[in-house]
Protein chains: 2
Amino acid sequence: MTPGEGAPKDFAALRAAIAQRAEQLPKRLMQIAGYALENPDEIAFGTVASIAASADVQPSALVRFARALGYQGFTDLQDVFRSRLRDRVLNYDERLAKLRDHGVATSQSGLVLDGFLEASERSIAKFREKVDHEAIDNAVTILAAAHTIYLIGLRRSFPIASYMSYAMGKLGVRNILVDAVAGMGAEQASFMTAVDAALAISFAPYASQTVALTDAAKSRGARIVTITDSVFSPLASPADALIEVSEADFEGFRSMATTMAVAMTLCVAVAARRGES
Amino acid sequence: MTPGEGAPKDFAALRAAIAQRAEQLPKRLMQIAGYALENPDEIAFGTVASIAASADVQPSALVRFARALGYQGFTDLQDVFRSRLRDRVLNYDERLAKLRDHGVATSQSGLVLDGFLEASERSIAKFREKVDHEAIDNAVTILAAAHTIYLIGLRRSFPIASYMSYAMGKLGVRNILVDAVAGMGAEQASFMTAVDAALAISFAPYASQTVALTDAAKSRGARIVTITDSVFSPLASPADALIEVSEADFEGFRSMATTMAVAMTLCVAVAARRGES
DNA sequence: GCTCCAGTGGAATTTTTGTTCTATTTCTAG
DNA sequence: CTAGAAATAGAACAAAAATTCCACTGGAGC
């Protein structure tokens, strides 16, 4: 048999071929087509078995799919998905070269810096792909409707909360930064009423005080907006709007780039929403 | 054996580990180290046999290399190279396509969010090009030598200072967050001595109190490290080390992504430097 | 209602791949 | 110059993977 005759050689052609032939394809093969277009990275890196499991098909179906598109086997198809990633990295090698030219590699702190810059970039790129815009819109709606916004963020999340307090102050949005200074957190939270909203920010390992303050806010009838790293967070269940942010890390230190951008967004969007009415 | 103990988990950390240990590595392993840094894609996609052939070594040498870095086997090492490709930042065309798919442009808050994410990315990219590594190294040297580090950052810079206080605390680096709560800033600063160092963070418009506190620190003999946005900043002249960070902005709100990354770098690098001696 | 066949699932098979083992070479130190 | 240790190459092995095969299902057409 002539190997790979008429099979798309680059990713763009492959995508076109899939889109074109999708209708005539059998059910299970169409299911694979959809999965492949939505999870190209999975195809590029996974094994037949792992992909089959995650796409909920049989391994043999994947091979049939590749054959149907004209490839000799699944491996040939996978090569196309891999080459797509190869091409994308062109500017990365340039960056590496640049780093070497500048002699970064020799400096300890240069490597650390580059690690954090890269973690920030990864965070942002990843977040871009899986933002839940609806959740953010909901959050803005809730916060814009609140009389006073109570900002709850301790330990690692405190910088975020304090930034928001500063920015909202500048924008004329009434807010209270619930801090633990002098142990007054509980008292501050007790001022909340049903016309207010609380913005709780917490990441694993979740500070117990943040959870307690948020629950208190909930029980006083305030609407709750949460920024956290997973839907399994203890802050998820009391939340009326949940914004999920998972930051990349370098050597165990998580970036804050995305969380900061989300914080800024909320401040500006809330102020804008209020300005409209 | 505990699997993967102490092995770098992301690519940046791996690169740092390789660069650091390169000298002590045996000849053949060093050859692999060089090849790996120059052909990361090959490592990510290739098989042990194919990589070995292309790097002109034996397959077993690759396994030894992975082991030497603390991984359980070559596969673990390869995973790091793959993960780097997984969430690589998208190029401009792909990003545009994604924007179109997700219909971001329709939502008000989506536009704002995208603006801030982009400002963060621009900040990071720009900073990468004009970092002064020497300045950062100087800063680390000064801070690592200090008995106590006084963190001076008010208003917009307060989130940075408070993050550093938190991180340094975690890392066992003695520090004092000079805050303006109860107007005690001046008193706190008056505790400084010549064996201490001050880290002053300020951006235009420079808070006068930050400048005053920094000058006070200088006059008490403390070494001064400064993070600011220009060499014309009032914080520039008293500085023993000056790190220049100019953030991109969206609608007048400046990103904090780069400053945060620099802050994290200083914390980790100072702790590491102290750990060495 | 029966037949036929494309489509499918799952196990069997074969190929590929990572890893381990050991003889040999290459350094290092006395 | 020699003994010992570290490093290496290459082949052998075991694990994992892709692929093939075959029995079965569910419709379409007669």
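Chain identifiers are assigned alphabetically (A, B, ...) following the order of the sequence lines, protein sequences preceding nucleic acid strands; residue numbering begins at 1 within each chain.
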task = Using whole Å, report how far CD of A/Gln58 lies from P of D/dT20.
result = 17 Å

query = Are the aromatic ring centres of A/Phe158 and B/Tyr166 under 6.0 angstrom apart?
reply = no

request  = Would you mind classifying the nucleic acid contact of B/Leu29 as base, sugar-phosphate or nothing, using non-hydrogen atoms under 4.0 angstrom?
outcome  = sugar-phosphate

inquiry  = Side chain of A/Val63, heavy atoms from C-beta onward: which of D/dT19, D/dC21, C/dT20 has the nearest atom to it?
reply    = D/dT19

query = Counting any heavy atom closer than 4.0 Å, what does A/Thr75 reach on the DNA or RNA strands: base, sugar-phosphate only, or nothing?
reply = sugar-phosphate

task = Would you kindly compare B/Val48 and A/Arg28 by the position of their nearest DNA chain C nucleotide and give the one closer to the 5′ end?
result = A/Arg28

remark   = Taken to the nearest whole Å, CZ/B/Phe74 to C1'/D/dA15 is 16 Å

query = Atom CD of B/Gln72 to atom C1' of C/dG18: distance rounded to whole Å?
reply = 12 Å

query = Can you tell me how far C1' of C/dG7 sits from NZ of A/Lys27, to the nearest Å?
reply = 10 Å

inquiry  = Please report the distance, rounded to the nearest Å, between CZ in B/Arg64 and P in D/dA6.
reply    = 14 Å

Distance in angstrom units between A/Tyr71 OH and D/dT20 C1', rounded = 21 Å

note = A/Phe45 atom CZ is separated from D/dA17 atom P, nearest whole Å, by 16 Å

request  = Determine, step by step, whether B/Tyr71 and B/Phe65 satisfy the ring pair (Phe, Tyr, Trp, His ring centres under 6.0 Å) criterion, reporting the C-alpha distance in whole Å, the side-chain angles of both residues, the deciding distance to 0.1 Å, and the verdict.
outcome  = CA-CA 9 Å; B/Tyr71 298 96; B/Phe65 178 68; 8.8 Å; no

query = Starting at CD1 of A/Ile51 and ending at C1' of D/dT19, how long is that distance when rounded to a whole Å?
reply = 14 Å

request  = Please evaluate the base of C/dG18 for a donor-acceptor partner in the side chain of B/Thr47 within a cut-off of under 3.5 Å?
outcome  = no

query = Roughly how far, to the nearest 0.5 Å, is the CG atom of B/Leu117 from the CZ atom of B/Arg122?
reply = 11.5 Å

task = Apply side-chain hydrogen bond (donor to acceptor under 3.5 Å, both in side chains) to A/Tyr206 and A/Thr228, showing your working.
result = CA-CA 9 Å; A/Tyr206 315 97; A/Thr228 190; 4.6 Å; no

